[in-house]
Structures are given as C-alpha cells and as structure tokens.
**Q** 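There's a structure below that I have some questions on.
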Amino acid sequence: MANIKKTPGINAASMADISFILFIFFLMVTTMGTDFGLIRQLPPIVPQQDDKTRVDIKERNVLVVAVNQNNALLVEKEYLSVMDLRQKTKEFYDIHNTGDEFPEKETIDIPLLGTVTRNKGAVVSLQNDRGTSYKTYIAVQNELAGAIHELRNEFSMQKFAKQFDDLNKEEQEAVSKVYPMSISEAEPKNIGGN
C-alpha cells in the first residue's frame, strides 16, 4: 500500500475575530478631514411672540440677494455676477457710506473702541431657489462672508494696526459689533418658476 500524505489544514476559526479587531483599530486611529463646508452658528430659537410684537425693518437696511434655478444672481433687482457680489456687499455695509440708498447709522459706545458710528440693523437677505447648484450656493455664501471679513480687516487695521484674525478675543468682539455678520437666509423656494 502506498503511503499517501495529507496536507495539513489551517485553522481559520479565529480569523474573523482578528479581522474585526483590526477593523476597530483602524476606525479608532484614522482621522477624517473636514475642511469643507460653512462655518456658521445657528441662531438661538426665538420664543413665540404675539402678533402685536412685530419688528418693522426699513427697506434701506436690507440688501436683497436672490439666486434662481439657473444660478443667476439678482441683487437689489439687478443682475450681478458672483464675482461682483463682494464689492456690492462691502458698499452696502461700509459705515462711511451715507445716503438714502445705504443703511441707517447709529452712534454707540463700544469698549476698546469708544464712540463709534455703525449701521443700524443692516442685514443681507439671501433667498435661493430649490434648483440652485451647491457650488453657486457656496460661492455666494463665501462672497458675503468675505465682504464682512474684509471690512473687519480694514477697520482692525485702522484701530489696532493688526488684521482681524490677529486680534485678541475682546478686540475681535468689539470689531464684530461694528461689522456684525448679519445674513438672513430664507427657506429655498422656486424663484425661477417650475
């Protein structure tokens, strides 16, 4: 009779356990980059008020920005390119611009700055269409935020001889009171029809 040798088998019973442990290990040590998106803090929930408590906002204090389904930008009822939105927003918010087409001004006392003139209730009202592309939405948001950031930088250089990002927390809060990030975004709707 011939001598037949069998190949020894490998016990794979614990392979599933080892794979699971390795999977957990890699989940724990792997970092996920989150460098994209918008840095925004949602406003607190406003308690319900009576219909008698109504705030009237003057038209001159609102910069109306609308984006339709074709990603066309309408600012104050005029077509504008996204590249020109930053300059238009800066002109609207700039505290040195006076006249009936610009927001009302008020003089207040701000710690670290003293008596300062600022816009009274100036706000950008943004309305997007449901068909607006995400790329256009982000570009519009970046231009609006960029305009405020540039104004804050210019004001910081005048008052503290430093960029806004280089200021300490108290100085940043003071400058932010002069140029607050006031962007009101309505729920998307069908601006362009369809």
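These figures come from a predicted structure and were not determined experimentally. Worth knowing before you read on, the calculation uses all heavy atoms, side chains too, and leaves out hydrogens, waters and symmetry mates.
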**Q** Only counting residues at least two apart or in another chain, list the ones meeting side chain to side chain donor-acceptor pair (under 3.5 Å) with Ser81.
**A**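 For Ser81, the residues satisfying side chain to side chain donor-acceptor pair (under 3.5 Å) (neighbours in sequence not counted) are Asp84.
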
**Q** Extract all donor-acceptor atom pairs below 3.5 Å that involve side chains of residues 70-77 and protein atoms in other chains or at least two apart in sequence.
**A**
from  : atom 1 : to     : atom 2 : distance (Å)
Asn71 : OD1    : Ser133 : N      : 2.9
Asn71 : OD1    : Ser133 : OG     : 3.4
Asn71 : OD1    : Thr136 : OG1    : 3.4
Asn71 : ND2    : Ser133 : OG     : 3.4
Glu76 : OE2    : Val64  : N      : 2.7

**Q** Among Ile, Leu, Val, Met, Phe, Trp and Tyr joined by side-chain contacts under 4.5 Å, find the other residues sharing a cluster with Phe23 and list them by chain and number.
**A**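 Members alongside Phe23: Phe20, Ile24, Leu27, Met28.
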
**Q** Which residues satisfy the side chain to side chain donor-acceptor pair (under 3.5 Å) test with Gln87, sequence neighbours excluded?
**A**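 Side chain to side chain donor-acceptor pair (under 3.5 Å) check on Gln87 returns nothing, list empty.
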
**Q** Quick check: closest heavy atoms across Asn61 and Pro103, and the distance to 0.1 Å?
**A**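 Scanning both residues, the minimum pair turns out to be OD1-CA, 3.2 Å.
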
**Q** I'd like to know if Phe102 and Tyr93 are part of one continuous hydrophobic network [Ile/Leu/Val/Met/Phe/Trp/Tyr, side-chain heavy atoms within less than 4.5 Å].
**A**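 Unlinked, Tyr93 and Phe102 end up in two clusters.
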
**Q** Taking side chain to side chain donor-acceptor pair (under 3.5 Å) as the definition, give me every residue that meets it alongside Asp166, ordered by chain and number, with sequence neighbours left out.
**A**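 None.
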
**Q** Rounded at 0.5 Å granularity, tell me how far CD1 in Ile183 sits from CD1 in Ile148.
**A**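 Nearest 0.5 Å value for the CD1-CD1 distance: 6.5 Å.
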
**Q** Drop me the distance from Asp94's CG to Thr89's OG1, to the nearest 0.5 angstrom.
**A**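 That separation rounds to 12.0 Å.
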
**Q** Using side chain to side chain contact (heavy atoms under 4.5 Å, CB included), reason through Thr117 and His96 one step at a time and then give a plain yes or no.
**A** CA-CA 9 Å; Thr117 300; His96 304 300; over 6 Å; no

**Q** Quick one: closest heavy-atom pair of Phe164 and Gln172, and the distance?
**A**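 Reported closest heavy-atom pair: O-NE2, 2.9 Å.
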
**Q** Do Lys90 and Glu154 meet the salt-bridge criterion of a basic N to acidic O distance under 4.0 Å?
**A**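 A salt bridge links Glu154 with Lys90.
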
**Q** List in chain and number order the residues that pass side chain to side chain donor-acceptor pair (under 3.5 Å) with Gln163, two or more places apart in sequence or in another chain; answer none if no residue qualifies.
**A**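 For Gln163 the side chain to side chain donor-acceptor pair (under 3.5 Å) partners, ignoring immediate neighbours, are Asn153.
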
**Q** What's the shortest heavy-atom distance between Asn119 and Lys105, and which atoms?
**A**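 Minimum heavy-atom separation between Asn119 and Lys105: OD1-NZ, 2.7 Å.
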
**Q** May I ask you to check whether over 12 heavy atoms, not counting those of Glu101, lie within 6.0 Å of atom CD?
**A**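 Yes, because the 6.0 Å sphere around CD of Glu101 holds more than 12 heavy atoms from other groups.
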
**Q** Assess whether a salt bridge exists between Lys159 and Glu171, defined as any Lys/Arg side-chain N lying under 4.0 Å from an Asp/Glu carboxylate O.
**A**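 Judged by the 4.0 Å cut-off on N to carboxylate O distance, Lys159 and Glu171 do not form a salt bridge.
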
**Q** Treating Lys120 as the side-chain partner and Arg118 as the backbone partner, does any N or O pair qualify as donor plus acceptor under 3.5 Å?
**A**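 It does not hold such a pair.
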
**Q** With clusters defined by side-chain heavy atoms of hydrophobic residues (ILVMFWY) lying less than 4.5 Å apart, directly or transitively, does Met157 cluster with Ile110?
**A**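 Looking at the clustering, Met157 is in a separate group from Ile110.
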
**Q** Checking Thr132 side chain against Asn128 main chain: does a donor-acceptor pair fall under 3.5 Å?
**A**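 No; zero donor-acceptor contacts below 3.5 Å.
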
**Q** If you round to the nearest 0.5 Å, how far is CG of Leu144 from CG of Leu85?
**A**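 Interatomic distance, Leu85 CG to Leu144 CG, rounded to 0.5 Å: 4.5 Å.
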
**Q** For side chain to side chain contact (heavy atoms under 4.5 Å, CB included), just list the numbers for Arg130 and Gln69, CA-CA rounded to whole Å, side-chain angles, deciding distance to a tenth of an Å, and then say yes or no.
**A** CA-CA 7 Å; Arg130 292 188 197 286; Gln69 65 188 9; over 6 Å; no

**Q** Do you know which two heavy atoms are closest between His149 and Asp165, and how far apart they sit?
**A**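 Between these two residues, the closest heavy atoms are CE1-OD1, 3.3 Å.
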
**Q** How close do Ala122 and Phe92 get, heavy atom to heavy atom, and via which atoms?
**A**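 Smallest heavy-atom distance, with atoms named: CB-CE2, 4.0 Å.
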
**Q** Test side chain to side chain donor-acceptor pair (under 3.5 Å) on Glu185 and Gln127 and set out the steps.
**A** CA-CA 6 Å; Glu185 188 172 350; Gln127 178 70 60; over 6 Å; no

**Q** Any sub-3.5 Å donor-acceptor pair from Arg152's side-chain atoms to Val178's backbone N or O?
**A**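 No, because the side chain of Arg152 does not come within donor-acceptor range (under 3.5 Å) of the backbone of Val178.
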
**Q** Say you draw a straight line from CG of Leu112 to CD of Glu173; how long is it, rounded to the nearest 0.5 Å?
**A**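 Leu112 atom CG to Glu173 atom CD measures 9.5 Å (nearest 0.5 Å).
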
**Q** CZ of Phe160 to CZ of Phe155: how many Å apart, nearest 0.5 Å?
**A**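 Between atom CZ of Phe160 and atom CZ of Phe155 there are 7.5 Å.
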
**Q** Quick check for you: to the nearest 0.5 Å, what is the distance between Glu91 atom CD and Arg86 atom CZ?
**A**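 Reported value, rounded in 0.5 Å steps: 13.5 Å.
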
**Q** Taking all heavy atoms of Ser156 and all of Leu167, pick out the closest pair and write down the distance.
**A**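 For Ser156 versus Leu167, the nearest heavy atoms are OG-CD1, 3.3 Å.
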
